[in-house]
Amino acid sequence: MTISSPTSGDVQLSEPRFEGVQQVRDALRDVQYLADDGIAGVAYLADRLGKPILVEGPAGTGKTQLAKSVAEITGSRLIRLQCYEGLDESKALYEWNYKKQLLRIQTEQGDTADHEWTEIRDDIFSDEFLLTRPLLEAITADEPVVLLIDEVDRVEVETEALLLEILSDYQVSIPELGTIAAKQIPLVFLTSNNTRELSEALKRRCLYLHVDYPQLDREREIVLAKVPDITEQLADQVARIVRSIRQLDLKKAPSVSETLDWARTLLLLNIDTIDEQTAKDTLNILLKYQTDIAKAAKELSVDE
Amino acid sequence: MLELLNGFVVELRNAGLPVSLTENLDAMEAVQHIPIDDREAFKYALGATLIKNQAHWRSFETIFEVYFSLRGPEYKLVDGDEESMVDDLWREMQDQQQGQEGQGGAGGLENLTPEEIAQMLMSALMNGDQGMMRAMARQAVQRFAGMEPGRPVGGTYYLYRTLRNLDLDSMLDRLMESTREEVGDDLTPLEERLEREEYEDRIDKFKGEVEAEIRRRLVADRGAEAMAKTLRKPLPEDVEFMHASRDEMVSLRKALQPLTRKLAARLARKRKHGRKGPLDFRNTVRHSLSYGGVPAEPKFKYPRPSKPELIVVADISGSVAAFARFTLMLVYAIQNQFSKVRSFVFIDGIDEVTDFFRATEDITEAIHRVNTEADVVWVDGHSDYGHAFEVFWEKYGKDVGPKSTVLLLGDARNNYHASQSWVVKEMQHKARHVYWLNPEPRSYWNTGDSIVGEYGTYTDGVYECRNLRQLETFVEKLA
Ligand SMILES: Nc1ncnc2c1ncn2[C@@H]1O[C@H](COP(=O)(O)OP(=O)(O)OP(=O)(O)O)[C@@H](O)[C@H]1O
Ligand SMILES: [Mg+2]
């Protein structure tokens, strides 16, 4: 762990991980993640600029998977901070190991009575007693890492402040220790389901990527890649029907995960073409609300 | 390059998109990592660094298209390859026709008849060939738009002229027709729907190409800056309810859903937190057991603040109808924040529509019923607030009580009828709160036949709600 004086530590940009956008796209495809130009382009830039990516978009469109897949293609360890309401410093950054500190104080006192308190204090506020949590862990790692800060919109606005130092300077300040600077700049992904507006300060530090439901072609490819043994024809039909359903005014449109679930179900049922009846019978896999199901069933069978 | 980027950022700011200095610098750095002639990559690089809100993407895109419309080799005004591609296709079709009908054709694209152009477009759409569609879009604009340098008309005019000549609606029918022939069998309704949607999608893409071509020509003629100015459009959240075009209505509706979702999440959070009640003694002691009896973690009672009961009374006549619709949608989308929501709509007669919303979970459908089924016309279908309020009070006045919050919606343009503002006074007397929401700009209030001031004196506040942004702010305060 490098501990520098608490000035803004300028971390050197490491060697570029990617040669170009196309390479990112190809590599992702190799691990069954189908990116479009926007997704691959922003991932490429994030590496070049040494900036985190804020990934927003509807549920189940592959935001979390993107971080995982990028970790895979760069041979990095994935460190994940799952956000939730009430997440705080001691769970996100670091915590002192009080029990161990107490023990040490007791043993030291037992040992030599005249131990200076300042000495003990310096001793117990050192690396040894520090419990690293995901953010600090990502910063201090020796090997390449991808840091995933998942569902950042779940934490309170005030908690966002915890992230700012890491995201812009790749360092963490610990009052008792000084400033810990990263040895290498990790690729950082923050995901958000957009349930609240994130602070300007946070957004300014990030590249922004909106991942929407995929276009027809890409969704078909995702199905083909993720559902082994599915025929081109069925994958195409699945993608088309899903596109059609997403155009309806629904409470909740089907996500990519639901498309995949549906495709797998159809395969299990030994279906090779989807007719109206099949579609209707299995809509409950694609859609979660009864009103949505009713609406889609009606739409799909009515001749225009 | 630097200058171009700067101009671009200025234009984004002019359009109301917030771009900070850091973001500007990031953009400059980002484009250095992008091959200079890769226009798509260029766009994403700028988008990722400058735009941090999905709702702003469309505005960004439009401005981008204008600013960088003439960049990149494939975006030159005249493209040799494309000319020859169109040429080839045309010759091919000629040959086929000759084979079939023995018709001789004189070469040269200029001599294509509109029918021949339509024929070629149809085959491009049939095959879904993007390059060919782009080439055809150029031909179509050149042929049909009638663009002249320096002519002060907007792009929509040219778009309209081009599309009218192409008659894409009947093109869609013909595409479907020939698909049916090809299959030789009857299409099931599902197949029919999917095929149609595919063609619609291609036609939309083609329209996009036509628009892009018109834009390119206009930019070449007038310069990017002047063009950007004419295209400046308000963001969805700033569109005025009272003057929204059809397109803007669509984008408003799209903006409403994420907005309500966020609003609901925020309100739920607010309800859960932020209101720490008094110490919950028993709970604290129970938890203290795990700390060896030390009350290390105080627990608080979360008093359930009583939710207000909402009564919405909305004018749904002509110019304020959209406003009423959006307010109702917003209110019903977060209705679990209220103990009860009742809604009434009027023009000169008044009708309760609460049941429409109760009957279905689908707010859009309920709104549709409000528009078509509510009985709101009494004499002539011109707003009469006075009469509507009077009838309201007579029939439902007894339901207004100390838990009710009453929202009165409208521009208070009463067509010089009697105001009957005593009703509002009575409401204020009995209800917890009475608010008036007015979609008109404040400067128009109390001009002409607007008597919002008179009604306003008996309310707890009159709020200007011209756009979604203002409406959202008010509703958040309310819940
Ligand atoms: N582009 C893609 N290529 C391959 N698989 C994808 C793609 N997009 C989504 N998926 C698959 O869809 C599923 C959902 O993805 P993921 O969990 O990453 O969604 P998410 O956007 O993080 O959703 P949430 O907002 O609910 O957390 C995963 O199984 C993922 O593998
Ligand atoms: Mg996720």
Side-chain angles (χ1 to χ4, degrees), chain A residues 16 20-21 37-42 44-49 51 53-54 56-58 85-86 153 156 168 193-198 200 202-210 212 215-216 237 240-241 243-244 247 249-251 274-276 279 289-292 294-295 299-304, chain B residues 18-23 26-27 29-35 38 40-45 47-57 187-198 200-201 253-254 257-259 261-266 268-269 272-274 333 360-365:
Chain A
V21 177
D37 276 339
I39 295 175
V42 177
Y44 162 78
L45 272 179
D47 174 42
R48 288 295 161 119
L49 302 182
K51 278 183 156 282
I53 307 180
L54 169 61
E56 256 180 11
E85 251 180 274
D153 52 330
E156 289 80 7
S168 52
N193 276 335
N194 207 6
T195 62
R196 72 173 172 81
E197 213 65 70
L198 301 171
E200 290 304 316
L202 183 84
K203 288 186 182 175
R204 266 203 305 278
R205 285 165 172 76
C206 298
L207 299 178
Y208 180 82
L209 173 64
H210 185 85
D212 217 325
Q215 295 275 307
L216 183 78
Q237 242 190 335
R240 280 175 180 236
I241 294 176
R243 168 171 79 176
S244 182
Q247 282 172 9
D249 188 8
L250 299 173
K251 279 186 104 142
I274 309 168
D275 56 22
E276 271 108 69
Y289 289 96
Q290 212 48 51
T291 45
D292 286 353
K295 195 179 230 173
E299 283 287 333
L300 288 184
S301 58
V302 168
D303 204 341
E304 281 180 49
Chain B
V19 176
S20 72
L21 187 63
T22 5
E23 287 164 336
D26 287 345
E29 203 195 328
V31 294
Q32 290 170 16
H33 295 277
I34 293 293
D38 186 344
E40 277 303 289
F42 193 70
K43 180 158 138 192
Y44 287 116
T49 45
L50 297 172
I51 300 300
K52 309 288 169 80
N53 182 339
Q54 178 54 18
H56 297 161
W57 181 260
L187 292 173
T188 68
L190 179 63
E191 285 165 342
E192 173 98 21
R193 183 189 179 92
L194 296 180
E195 284 299 326
R196 181 179 294 273
E197 277 171 352
E198 177 59 29
E200 280 169 350
D201 190 60
R253 257 198 298 279
K254 280 205 185 118
Q257 218 207 2
L259 186 141
R261 205 159 37 84
K262 275 190 221 176
L263 187 61
R266 218 155 49 224
R269 206 173 281 148
K272 229 160 107 190
H273 295 283
T360 166
E361 272 183 57
D362 187 347
I363 298 177
T364 335
E365 191 188 316

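Predicted model only: the values in this text are computed from it and were never measured. Each chain gets a letter, A, B and so on, in the order the sequences are listed, and its residues count up from 1. Only heavy atoms go into these numbers, but all of them, side chains included; no hydrogens, no water, no symmetry mates.
- Under a 4.0 Å N-O distance rule, the pair A:Arg240/B:Glu195 qualifies as a salt bridge.
- Residue contact with chain B, scored on non-hydrogen atoms closer than 4.5 Å, involves the side chain of A:Thr291 exclusively.
- No side-chain donor-acceptor contact under 3.5 Å links A:Tyr44 to the backbone of B:Ile34.
- For A:Leu209, no part sits under 4.5 Å from any heavy atom of chain B, backbone or side chain.
- A salt bridge is absent between B:Glu23 and A:Lys203: the closest approach of a Lys/Arg side-chain nitrogen to an acidic carboxylate oxygen does not fall below 4.0 angstrom.
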Apply side chain to side chain contact (heavy atoms under 4.5 Å, CB included) to the pair A:Leu198 and B:Lys52, showing each step before the final yes or no. CA-CA 10 Å; A:Leu198 301 171; B:Lys52 309 288 169 80; over 6 Å; no
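- Taking A:Ser244, A:Ala279, A:Gly20 one by one and counting their heavy-atom pairs under 4.5 Å with chain B, the maximum is reached by A:Ser244.
- When all heavy atoms of B:Tyr44 and A:Asp37 are compared, the closest pair comes out as CE1-CB, 4.1 Å.
- Counting heavy-atom pairs closer than 4.5 Å to chain A, the top residue among B:Ala30, B:Gly47, B:Pro18, B:Ser20 is B:Ala30.
- Taking both residues in full, the closest heavy atoms of A:Val42 and B:Ala48 are given as CG2-CB, 3.8 Å, listed atom of the first, atom of the second, then distance.
- Atom CD of A:Gln290 has 12 or fewer heavy atoms from other residues, nucleotides or ligands within 6.0 Å.
- Residue B:Leu50: no heavy atom, backbone or side chain, is found under 4.5 Å from chain A.
- A:Arg243 pairs in a salt bridge (charged side-chain N to carboxylate O under 4.0 Å, His left out) with only one of the listed residues (B:Glu200, B:Glu198, B:Glu197), which is B:Glu198.
- When heavy atoms are compared at a cutoff of 4.5 Å, B:Thr22 approaches chain A solely by way of its side chain, counted from C-beta outward.
- Heavy-atom distances place the side chain of A:Lys51, and not its backbone, under 4.5 Å from chain B.
- Here the side chains of A:Ile241 and B:Leu190 are in contact, with some heavy-atom distance below 4.5 Å.
- If you tally non-hydrogen atom pairs under 4.5 Å between each of B:Asp26, B:Thr49, B:Thr188 and chain A, the highest count goes to B:Asp26.
- With a threshold of 4.5 angstrom between heavy atoms, B:Asp201 approaches chain A through side-chain atoms but not through N, CA, C or O.
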